[in-house]
Amino acid sequence: MNVTRKQERLLRRALVEWEQEGALSADDHQRLAGSLKRVPMDWQRLSRYAFWTALVCVIIAFGSLFADSELMERIIAFFSFSSVARIGLPAMLAVVFYLWGFSRQRRETQWHYSTEAILFLGVLFTAIALWQLGERLDNGSGHIAPLFLAGCAVYGLVGFFGRSGLVWLFFLLSLGNWFGAETGYMSGWGAYWLGMNYPVRFIFFGGALLALCWWLRTMLIKRNLYTTSKAMGLTYLFVALWIMSIFGNYDIDNWYGVTRAALLPWALFFAVAAIVCIYISLKTDDGMLRGFGLTFLAINLYTRYFEYFWDGMNKVIFFLILAASLAVIGRYAERIWHAGNQQKQVDNQQ
């Protein structure tokens, strides 16, 4: 069995524990351990990173193109004869890349990352076509949400049927942009919509996305889209909670007069959400939830430190208090862990 270095360490540790618990004999342990063959290079990971880097370079290239005013003037002048051409050409290129990606996926299923890269180029040209369509249809109303919704429809269909996590990621990003633009337009681009500023809206948006992700998890897992959906739902939720812990449900003009005590409930709510995320991850052994919970709990602590104690408390004292509190939590978790191991040993002896 060919395994990476990390997989080999995990499997060998599992074999040792199984032998100690009596689930494996010494001969079985030796036989299974001997079947492990470490691959010298994780070519799958290298392929993924190489294609990701290539796509980033493509994005940078397009960004540099739009930043080059002289070159953009030449391109605009070249297509000035027809606004339809400025929309139709990138749309045609997007269709070509989508068809190429789907065809390649059906014929050569082993080329996963290169197919994702081809579909992503379709996403890029779709975005350019929608941008030019927006320029053509602009009447000064500022209602750009339908363009994002059109992008959602295209990216969602391609991502779902193409089983592409990368395209599905852009579908979820476009969905968030559509939600923000539509609620902004409905509120007249004011600070509040139904009494909620943008961060509060995205708390509900992220929560709804996580709920849908859980409800549709069987279908999403089959399409290899569950991990991306859950990660984006958590990102929307926790980033919105972090911003809320700083600004609350206030607009910028009123925020300057808000006391820290008025924002404290949002900071506590942010901390509780992170702790609940960590707790669920420990119960379900979910690495993603654990990562999000720990990361945003740390962000919350550092944000509160800069808000409340940066000027008033010695930095050494603050971090010593923080270290002591984390040590108490670690000691409590260690005690539970040892109690579980002792119970396991008793069960094995019986």
Side-chain angles (χ1 to χ4, degrees), residues 51-52 54-69 71-103 105 115-189 193 198 201-202 205 209 223 225 228-229 232 235-236:
F51 277 111
W52 283 358
L55 293 176
V56 169
C57 291
V58 170
I59 294 173
I60 293 173
F62 273 91
S64 301
L65 171 64
F66 294 130
D68 191 334
S69 56
L71 185 57
M72 281 299 297
E73 286 178 5
R74 292 180 181 177
I75 294 174
I76 292 172
F78 180 77
F79 288 105
S80 60
F81 66 93
S82 173
S83 60
V84 176
R86 293 201 300 270
I87 301 169
L89 181 60
M92 288 176 56
L93 288 173
V95 170
V96 168
F97 280 117
Y98 289 143
L99 292 176
W100 183 17
F102 278 115
S103 174
Q105 191 177 60
T115 302
E116 288 250 301
I118 292 169
L119 292 175
F120 173 77
L121 292 175
V123 168
L124 198 60
F125 282 106
T126 300
I128 295 173
L130 290 173
W131 165 48
Q132 288 300 311
L133 179 63
E135 292 280 339
R136 179 71 176 80
L137 300 178
D138 185 21
N139 58 5
S141 68
H143 194 196
I144 60 174
L147 294 175
F148 288 120
L149 191 59
C152 287
V154 175
Y155 304 152
L157 289 172
V158 172
F160 184 81
F161 290 106
R163 300 173 184 263
S164 172
L166 185 60
V167 178
W168 190 255
L169 170 64
F170 279 86
F171 158 68
L172 296 173
L173 288 171
S174 294
L175 191 64
N177 285 322
W178 166 79
F179 176 74
E182 185 64 28
T183 57
Y185 178 76
M186 292 173 66
S187 66
W189 301 110
W193 175 71
Y198 273 101
R201 298 176 218 174
F202 276 93
F205 180 81
L209 188 58
R223 311 302 297 187
L225 304 174
T228 304
S229 302
M232 284 304 300
T235 300
Y236 279 124

Over all heavy atoms of both residues, which pair between L119 and G101 is shortest? Give the atoms and the distance, please. CD2-CA, 3.9 Å
Please report the closest heavy-atom contact between A181 and I144, naming both atoms and the distance. CB-CG1, 4.1 Å
Can you tell me how far CG of N177 sits from CG of L172, rounded to the nearest 0.5 angstrom? 11.0 Å
Sub-4.5 Å side-chain heavy-atom contact between Y198 and T183: yes
In terms of ring plane angle, is the pair F202 and Y236 parallel, tilted or perpendicular, where the classes change at 30° and 60°? parallel
In Å, rounded to the nearest 0.5 Å, how long is the span from CD1 of I128 to CG of L93? 8.5 Å
Mind checking whether F148 and L130 have side chains closer than 4.5 Å, heavy atoms only? no
Reported CG-to-CZ distance for the pair L169 and F120, which is rounded to 0.5 angstrom: 9.5 Å
I'd like to know if the side chain of S229 and the backbone of L225 have a donor-acceptor N/O pair within less than 3.5 Å. yes
Rounded to the nearest 0.5 Å, the CZ atom of F171 sits from the OG atom of S164 at a distance of 13.0 Å
If you apply the rule side-chain contact (heavy atoms from CB on, under 4.5 Å), what do you find for L133 with L147, and how did you get there? CA-CA 8 Å; L133 179 63; L147 294 175; 4.1 Å; yes
Checking Y155 against L173 for the side-chain contact (heavy atoms from CB on, under 4.5 Å) test, could you report, in this order, the C-alpha distance in whole Å, the side-chain angles of both residues, the deciding distance, and whether it holds? CA-CA 10 Å; Y155 304 152; L173 288 171; over 6 Å; no
Tell me every residue that passes ring-ring contact (aromatic ring centres under 6.0 Å, His included) with Y98, counting only those two or more places apart in sequence or in another chain. none
If you take all heavy atoms of E182 and A145, which pair is closest and at what distance? OE1-CB, 3.0 Å
Please state whether the rings of W168 and F160 are parallel, tilted or perpendicular, taking 30° and 60° as the class boundaries. tilted
Show the nearest heavy-atom pair for residues A94 and G122, with the distance to one decimal. CB-O, 3.5 Å
